Amino acid sequence: MRFLFIPYRTYCSSTAICASSQITLFARMGHIETARHIFDKLIDRPVDSWNSIVAAYFQNHQPSEALKLFDKMPERNIVSWNGLISGYINNGMINEAENVFYTMPERNIVSWTSMVRGYVKEGMITEAERMFWQMPGSNVVSWTVMLGGLVQGGRVEDARRLYEMMPVKDIVARTSMIGGLCKDGRLSEAREIFDEMPRRNVISWTTMITGYVQNNRVDVARKLFEVMPYRNEVSWTAMLMGYTKCGRIEEAWELYQAMPMKSVVASNAMIIGLGQIGELKRARMMFDCMRERDDGTWSAMIKVYEKKGFELEALDLFSLMQRQRVRPNFPCMISVLSVCSSLASLDHGRQVHAQLVRFQFDVDVYVSSVLITMYIKCGDLAKAKQVFNRVPLKDVVIWNSIITGYAQHGLAEEVLQVFHEMSFSGIMPDKVTFVGVLTACSYTGKIKEGRQIFESMKSKYLVEPGAEHYACMVDLLGRAGQVNEAMSLIETMLVEADAIVWGALLGACRIHMKMDLAEVAAKKLLQIEPKNAGPYILLSNLYASQGRWDDVAELRKTMSERAVSKSPGCSWLEVGKKVHMFTGGDSAGHPEHERIIRMLEKIVGLLREAGYFPDGSFVLHDVDEEEKVQSLRYHSEKLAVAYGLLKVPDGTPIRVMKNLRVCGDCHSAIKLIAKVTGREIILRDANRFHHFKDGLCSCRDYW
DNA sequence: ATAGGGTTAG
């Protein structure tokens with residue numbers, strides 16, 4: 001700030017050169033006002049100072065202000081015009097740059113090279129090539145820009161050819177080529193260029209190190225890191241990320257401790273690395289200790305919470321972010337949306353959606369598919385369809401999002417209709433599409449359609465059916481009572497049957513009381529997934545129902561030997577942007593515990609009048625014994641529904657989520673609750689959605 | 001005063 005006190009009025013034209021560099025300096029620090037102040041105070045304004053101030057505004061991403069000043073310039077040289085081009089390019093305005101290029105009075109090599117660079121930056125490599133070959137002259141820089149473009153466009157072979165043609169190859173060109181070859185896995189070729197380089201700098205060393213890291217040769221990278229003559233922030237960070245990338249977090253941590261200057265990028269990578277190995281506390285500690293954070297820091301921490309299933313923490317951090325007025329970036333939005341999906345937090349989801357629209361992220365295909373999934377998981381199908389309809393160019397992922405979504409809700413007619421629309425629009429369905437379509441068929445008992453589609457997969461769409469498709473078919477046949485046919489289908493499978501296939505068979509046996517096949521399926525499941533409690537409990541209940549108590553005892557013994565434990569059931573719902581969670585069959589932890597219990601008792605009374613009695617006889621469902629003994633009205637889903645009845649305004653559906661499959665008693669109770677209260681209740685369990693209305697459920701009592 | 005290479009986040 002001392003610069004402010006320099007008496008500007010004393011500048012003569014020779015010191016005005018000094019003024020230009022000061023303008024540039026302040027602009028680079030982000031002090032555009034100071035830069036402008038210096039400029040305004042100048043008595044004599046040579047063309048250089050005009051060029052500086054225009055560049056300063058471009059650098060601060062104020063192109064319109066820059067243009068205003070450009071228009072006021074008393075005289076312009078070629079540098080002014082080139083500055084305008086590069087200013088536009090750095091602000092992503094390639095069309096404006098193009099316009100200037102074709103209308104400027106004269107062009108030199110810098111103008112041409114800038115244009116090539118501009119096209120490369122926008123990913124328009126063909127345009128860049130056209131421009132490059134039209135250029136009247138060329139030098140190392142222009143060759144190198146073109147080389148970089150080809151590398152960036154993934155055309156490494158073409159880059160290599162261009163590289164060989166180059167009359168002069170300087171350090172930058174060689175480094176660029178090394179990076180390209182490494183990206184393509186051609187390590188030895190890259191290393192050859194590296195070894196032959198007449199001179200090397202930090203960047204060439206770092207590029208080579210990153211190359212080894214990308215190709216999973218961290219230890220070689222480390223050797224290079226040890227012998228390089230000089231290291232900077234970036235080289236330390238690159239090495240550190242080499243370790244985090246392959247999960248060697250403790251080594252990364254050691255390196256981080258040894259870093260002379262800890263960059264934000266390195267800290268962010270460290271947060272992600274710690275998150276990967278489940279060290280959430282340490283990750284958060286890093287986050288809290290950082291003096292300086294960028295948007296990547298926030299998205300890294302939120303992503304860690306999201307990936308590790310700490311949804312509430314993720315949302316907390318997101319709201320902290322907004323309180324501190326940090327603009328959420330793209331990856332951050334995606335993470336928060338996934339959190340909203342798994343929590344089914346419609347209120348938060350809507351908020352993120354609004355921001356996506358505000359920052360114009362919502363036209364992206366990737367974002368749209370995550371958004372669709374989010375609305376589907378929240379049970380808001382209409383909104384999901386709305387987002388779907390707004391996507392201008394629908395790819396297979398977008399179609400799959402909506403198909404899978406409808407399928408999870410058991411809306412077979414809609415699924416089949418969308419499937420036909422998809423085929424009509426010329427998009428080829430893939431594996432995921434067929435899982436969705438077949439699931440829908442099985443949920444609604446459309447045996448004929450399901451069979452037809454399964455057949456057409458191979459013959460018409462050239463998609464080889466995988467285990468997941470067989471699982472759908474087994475489910476489809478099993479539900480219809482054709483359990484033996486389902487078993488024969490499994491026997492004809494070319495791929496190996498996985499847990500999902502056997503699980504589907506077991507589910508069918510449970511409903512249709514097919515003891516012999518149930519035992520086969522359950523035993524297969526125990527082999528594939530020895531830690532999964534579901535099949536043990538099912539099998540044990542099956543034995544019990546036949547009075548085979550020795551087998552029950554034997555099974556319980558293996559269970560405790562293998563340390564199998566059932567994950568505790570929990571349900572949650574969102575009220576007023578807050579997620580309320582109910583676990584362990586008790587609401588004691590909840591501040592409104594008393595009211596919830598009173599509500600439940602009132603409901604149970606009403607249900608009794610309607611002819612309902614708690615039913616503990618769901619032996620064939622995977623409900624644990626202990627859980628059965630407990631008073632059934634305390635199951636977490638009932639608590640959540642009761643809370644919903646208290647808090648969710650009339651006319652709005654009550655949306656409850658559960659981490660396990662819904663229990664049979666709760667299912668029939670909730671059906672009746674929906675009837676006697678006249679409310680619509682949407683329950684998402686581990687498998688699918690249940691829409692309760694007027695005493696009926698959309699799953700038709702089969703789940 | 002205008003053009004080029006290396007590190008993070010779905």
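Note that the coordinates shown come from a computational prediction; the quantities given were computed from them, not determined experimentally.
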Report task. Quickly work out the A:Y119 OH to B:dA3 P distance and round it to whole Å. Result -> 17 Å
**Report entry** Pair of N/O donor and acceptor under 3.5 Å linking B:dG6 base with A:N232 side chain
**Finding:** yes
Requested in this report: Classify the nucleic acid contact of A:N82 as base, sugar-phosphate or nothing, counting any heavy atom under 4.0 Å across all strands shown.
Outcome: base
Query raised in the report: Is A:D48 reaching over with its side chain to a backbone N or O of A:N51, donor-acceptor style, under 3.5 angstrom?
Result: no
Report task. Mind checking A:I203 for me? I need base, sugar-phosphate or nothing, with any heavy atom below 4.0 Å counting as a touch. Result -> base
Report task. Mind calculating the distance between CD (A:Q152) and P (B:dG4) to the nearest angstrom? Result -> 12 Å
Requested in this report: Look at all strands and tell whether A:V145 reaches a base, only sugar-phosphate, or nothing, counting heavy atoms closer than 4.0 Å.
Outcome: sugar-phosphate
Query raised in the report: Which whole-number value in Å describes the distance from A:K183 NZ to B:dG6 P?
Result: 8 Å
Requested in this report: Could you work out which one of B:dG10, B:dG5, B:dA9 sits closest to the side chain of A:R117?
Outcome: B:dG5
Query raised in the report: Counting any heavy atom closer than 4.0 Å, what does A:I272 reach on the DNA or RNA strands: base, sugar-phosphate only, or nothing?
Result: sugar-phosphate
**Report entry** Integer-rounded Å distance: B:dA9 C1' and A:M321 CE
**Finding:** 11 Å
Report task. Identify, with sequence neighbours excluded, every residue that meets salt bridge (Lys or Arg N to Asp or Glu O under 4.0 Å) alongside A:E233. Result -> none
Query raised in the report: Roughly, in whole Å, what's the span from CE in A:M197 to C1' in B:dG5?
Result: 9 Å
**Report entry** Result of checking A:R284, A:E313, A:E311 against A:Y305 for side chain to side chain donor-acceptor pair (under 3.5 Å)
**Finding:** A:R284
Report summary line: Which of B:dG10, B:dG5, B:dA9 is nearest the side chain of A:I334? It is B:dG10
Report task. Would you tell me whether A:Y57 and A:R36 have side-chain atoms, one donor and one acceptor, within less than 3.5 Å of each other? Result -> yes
Query raised in the report: Choosing from B:dG10, B:dA3, B:dG6, which nucleotide comes nearest the side chain of A:Y366?
Result: B:dG10
Query raised in the report: What is the nucleic acid contact for A:T144, judged by heavy atoms within less than 4.0 Å: base, sugar-phosphate only, or nothing?
Result: base
**Report entry** Side chain of A:K303 (C-beta onward), nearest among B:dA1, B:dG6, B:dA9
**Finding:** B:dA9
Query raised in the report: Does A:S176 get its side chain close enough to the base of B:dG5, under 3.5 Å, for a donor-acceptor pair?
Result: no
Query raised in the report: So which nucleotide from B:dG10, B:dG5, B:dT8 ends up closest to the side chain of A:D294?
Result: B:dT8
Query raised in the report: A:I178 has an atom CD1; how far is it from atom C1' of B:dT7, in whole Å?
Result: 17 Å
Query raised in the report: Is a side-chain donor-acceptor pair under 3.5 Å present for A:Y256 with A:S267?
Result: yes
Query raised in the report: Any chance the rings of A:W143 and A:F132 have centres within less than 6.0 Å?
Result: yes
**Report entry** Candidates B:dA3, B:dT8, B:dA9 - which lies nearest the side chain of A:N268
**Finding:** B:dT8
Query raised in the report: Between B:dG4, B:dG6, B:dA1, which one does the side chain of A:S21 approach most closely?
Result: B:dA1
**Report entry** Closest listed nucleotide, where the reference is the side chain of A:T113 and the choices are B:dT7, B:dA3, B:dA9
**Finding:** B:dA3
**Report entry** Of the listed nucleotides B:dG4, B:dT7, B:dA3, the one nearest the side chain of A:T237
**Finding:** B:dT7
Requested in this report: Whole angstrom is fine here: how far is it from CE in A:M73 over to P in B:dT2?
Outcome: 13 Å
Requested in this report: Kindly point out which of B:dG10, B:dT7, B:dG6 is positioned nearest to the side chain of A:A238?
Outcome: B:dT7
Query raised in the report: What is the distance, rounded to the nearest whole Å, between atom CH2 of A:W50 and atom C1' of B:dT2?
Result: 18 Å
Requested in this report: Give one of base, sugar-phosphate or nothing for A:N77, where a contact means two heavy atoms less than 4.0 Å apart.
Outcome: nothing
